[in-house]
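Residue numbers run from 1 in the order of the sequence given.
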Amino acid sequence: MAARAKAAALVSRALRLRFSACLGGSILLLTFLHFFLCGSYNYPYISRAFVLDDLYKKLNPQLELSKSKPQCDYSRVLASRKSINAWEVPTFQNYNDLPLDDLVNGSFAPAQCNPLVSVAVIVSYRSREEQRNIFLPYMHNFLRKQNIHYKIYIVEQEDEKPFNRALLNNVGALQAMADGFPCLVLHDVNLLPLDAANLYGCLSQPRHMSARVDKFRFVLTYDTLIGGVLAVRTDHYDQLNGFSNRLEGWGGEDDDFYNKIKDNGLQVLRLEPELSRYTMLAHAPVALNAARARVLHDNRRWAGLGRLDGLDGLDGLDGLDELRRRARPRLRAYRLFTLVGVHS
C-alpha cells in the first residue's frame, strides 16, 4: 500500500509539473505572439509625393522675409533617402562643433531662401540633462538642413510634484502662440528622428510624427497612438483646448488628447513609414499615473457636459491668465533654446 501511494504521489507530481510546464510555455508563446504580431508595420499614410499639397504653409508674422530671396524648396527634403541607424546616433555631441552664429534663443531661419513654415518645437522636460545635451545639437543639425523657420522651447517643471507633461505642453503652447508660431511640435526629449525626409511641419490635420520607434520594433503599437512627437496647428490646439492638466505622472494625457481630436471632428495623419522612424534614448522610468483610468473616465463624462479641462481649465478663466497663475512660468533665453520654467 505504501509503495502504491508513493507511486500515485509521483504520478500526481509529474502531472502537476507537466501542467505547469505547459502553462508556462503557453504564456511564453502568447507573449511572443503579442510582441511580434501586435502593432502594425503598415498604416494609412500620406505619401511623400503629396505632403507639400497638405503642408500647413503659414509663417510667424514676426519673421522678416526678403524679396530678393527665392522660396525654400522642400521637395528636395522630401525626396531625400538619407537616414541613419539608431546605433549611429552619437551619445555625446560636442557643442563646439555646432555653428551658433545663426541661432538666437533657440530660433533659426535660413539665410539663402524664404521659408514657408514656422514651427515651435516644444519639449516638456525635467531632470534629463544628459538627454537634453544630446537632443539639442542633434535637432539643430537636423532641422537646419530642412530650411524651415523654427524655435526650440524647453519647458521645464521646476518643482518636485509628479511630472505633469500635459500642463507643460499647455504652458509651452501658450508661450509659442504668444510668440506668433502657427505650428506646434510637441516633442519628447528622448526621441530623435532618423530620416532626413521627415519634414518638420504641420499638416491640415494633427500629425503623429513618431509612428515608428526602435524601442517598439519600428511598429505602430496601436492605431490611436499619438504620443512621442505630435504636430498640431495652433488654431487646432486652441480649438481642442489643449491637454488636460489633471493627468499627472506617466500615461493618459495622449489618449485623452486623442479623444478630443476625435470628438472635434479632426483626424490624425501620418507620413509613410520610411519617413517616420525615431530612436529612443535610454531613460529611467517615470512613476505611473495611478489615477489615469479615473481621470480619463471623468474627462469623457465632462466632455459630454461641455466641460473640457485644458487651456481654459474647468472654471472658465482665461487660459493664459489661469496657467500663468498656476504655473508661474519664467522665461530665460539661451543660444540653443528658450527655457520656460514652470511650477505645477
Side-chain angles (χ1 to χ4, degrees), residues 39-58 71-90 108 110 113 115-123 134-135 138-150 152 182-233 236 254 258 261 266-281:
S40 175
Y41 287 96
N42 297 305
Y43 48 79
Y45 60 81
I46 297 178
S47 171
R48 72 175 75 204
F50 301 103
V51 171
L52 287 180
D53 295 333
D54 205 62
L55 187 66
Y56 187 53
K57 302 180 183 73
K58 191 169 183 179
Q71 288 187 341
C72 296
D73 182 12
Y74 298 113
S75 61
R76 294 184 180 181
V77 177
L78 291 165
S80 174
R81 300 290 175 174
K82 184 178 180 180
S83 64
I84 64 173
N85 295 306
W87 58 84
E88 295 175 307
V89 173
F108 168 86
C113 60
L116 298 180
V117 296
S118 292
V119 177
V121 180
I122 298 171
V123 183
I134 297 174
F135 177 89
Y138 184 94
M139 290 304 300
H140 280 301
N141 281 324
F142 181 89
L143 293 174
R144 285 193 298 189
K145 296 173 183 177
Q146 297 192 344
N147 285 329
I148 63 173
H149 172 226
Y150 70 87
I152 296 180
C183 173
L184 312 173
V185 175
L186 309 173
H187 210 300
D188 285 357
V189 72
N190 62 322
L191 287 180
L192 302 175
L194 298 175
D195 303 292
N198 183 359
L199 180 63
Y200 269 56
C202 289
L203 302 178
S204 62
Q205 303 282 323
R207 172 192 171 194
H208 182 220
M209 300 179 65
S210 55
R212 302 182 69 196
V213 179
D214 58 353
K215 180 179 179 180
F216 307 113
R217 313 176 331 279
F218 291 113
V219 302
L220 182 66
T221 52
Y222 56 96
D223 292 339
T224 61
L225 176 67
I226 60 171
V229 186
L230 179 70
V232 187
R233 290 165 36 173
H236 285 160
D254 293 314
Y258 176 83
I261 292 174
L266 301 175
Q267 60 177 315
V268 175
L269 302 179
R270 298 182 175 92
L271 300 191
E272 58 189 70
E274 289 73 18
L275 275 62
S276 306
R277 300 186 316 128
Y278 283 75
T279 184
M280 180 179 289
L281 302 175

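Rounding to the nearest 0.5 angstrom, the gap separating the CZ atom in R81 from the CG atom in L275 is 8.0 Å. For the atom pair CD1 (I148) and SG (C72), the distance works out to 10.0 Å, reported to the nearest 0.5 Å. To the nearest 0.5 Å, atoms CD (E274) and OG (S47) are separated by 9.5 Å. The line from CD1 of I46 to CG of L269 is 4.5 Å long, rounded to the nearest 0.5 Å. Within the model, atoms CG of L78 and CG of D195 stand 12.0 Å from one another, a figure rounded to the nearest 0.5 Å. The CG atom of L203 lies 11.0 Å from the CG atom of D53; values are rounded to the nearest 0.5 Å.
Every residue meeting the side chain to side chain donor-acceptor pair (under 3.5 Å) condition with Y200, not counting sequence neighbours, appears here in chain and number order: H187, Y278.
Taking 4.5 Å as the limit, every side-chain heavy atom of F108 sits out of range of all side-chain heavy atoms of H140. Residues F142 and L192 form no side-chain contact, since every pair of their non-hydrogen atoms from C-beta on lies 4.5 Å or further apart. Between V119 and L143, the closest side-chain pair of non-hydrogen atoms is not below 4.5 Å. Taking 4.5 Å as the limit, every side-chain heavy atom of Q205 sits out of range of all side-chain heavy atoms of V268. Put simply, the side chain of P273 reaches to within 4.5 Å of the side chain of Y43, judged on heavy atoms. Side-chain contact check for I152 versus M139: some heavy-atom pair is nearer than 4.5 Å. For the pair L55/L199, a side-chain contact is recorded, criterion being any heavy-atom separation below 4.5 Å from C-beta on.
With hydrogens and angles ignored, the 3.5 Å screen pairs no side-chain donor or acceptor of D188 with any backbone N or O of V229. A donor-acceptor pair under 3.5 Å is absent between the side-chain atoms of E88 and the main chain of S83, judged by distance alone. The backbone N or O of L271 sits nowhere less than 3.5 Å from a side-chain atom of R48 that would complete a donor-acceptor pair. Between the side chain of R212 and the backbone N or O of F218 there is at least one donor-acceptor pair closer than 3.5 Å. In terms of modelled atom types and a separation under 3.5 Å, the side chain of R277 and the main chain of I84 share a donor-acceptor contact. Side chain of N147 to backbone of P110: no donor-acceptor contact under 3.5 angstrom is found. Proximity of a side-chain donor or acceptor of Y74 to a complementary backbone N or O of P115 within less than 3.5 Å is not detected. At distances below 3.5 Å, not a single donor-acceptor pair connects side-chain atoms of T279 with backbone N or O atoms of W87.
Residue L230 comes nearest to I226 through the heavy atom pair CB-O, 3.8 Å, listed as atom of the first residue, atom of the second, then distance. Here the shortest heavy-atom pairing between I134 and P90 reads CG2-O, 3.7 Å. A pairwise comparison of heavy atoms in S80 and A197 identifies O-CB, 3.5 Å as the closest pair. Here the closest non-hydrogen pair linking A211 and R270 is CB-CD, 3.8 Å. The minimum heavy-atom distance linking P182 with S118 is given by the pair CD-O, 3.6 Å. Between Q146 and N198 the shortest heavy-atom distance is NE2-O, 2.8 Å.
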Steps toward ring-ring contact (aromatic ring centres under 6.0 Å, His included) verdict (H208, Y45): CA-CA 10 Å; H208 182 220; Y45 60 81; over 10 Å; no
Intermediate values then yes/no, side chain to side chain contact (heavy atoms under 4.5 Å, CB included), L52 and S75: CA-CA 8 Å; L52 287 180; S75 61; 4.1 Å; yes
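In this structure, Q71 places its CD atom where only 12 or fewer heavy-atom neighbours from other residues, nucleotides or ligands lie under 6.0 Å away. Taking a 6.0 Å sphere around NZ of K57, one finds it holds more than 12 heavy atoms contributed by other residues, nucleotides or ligands.
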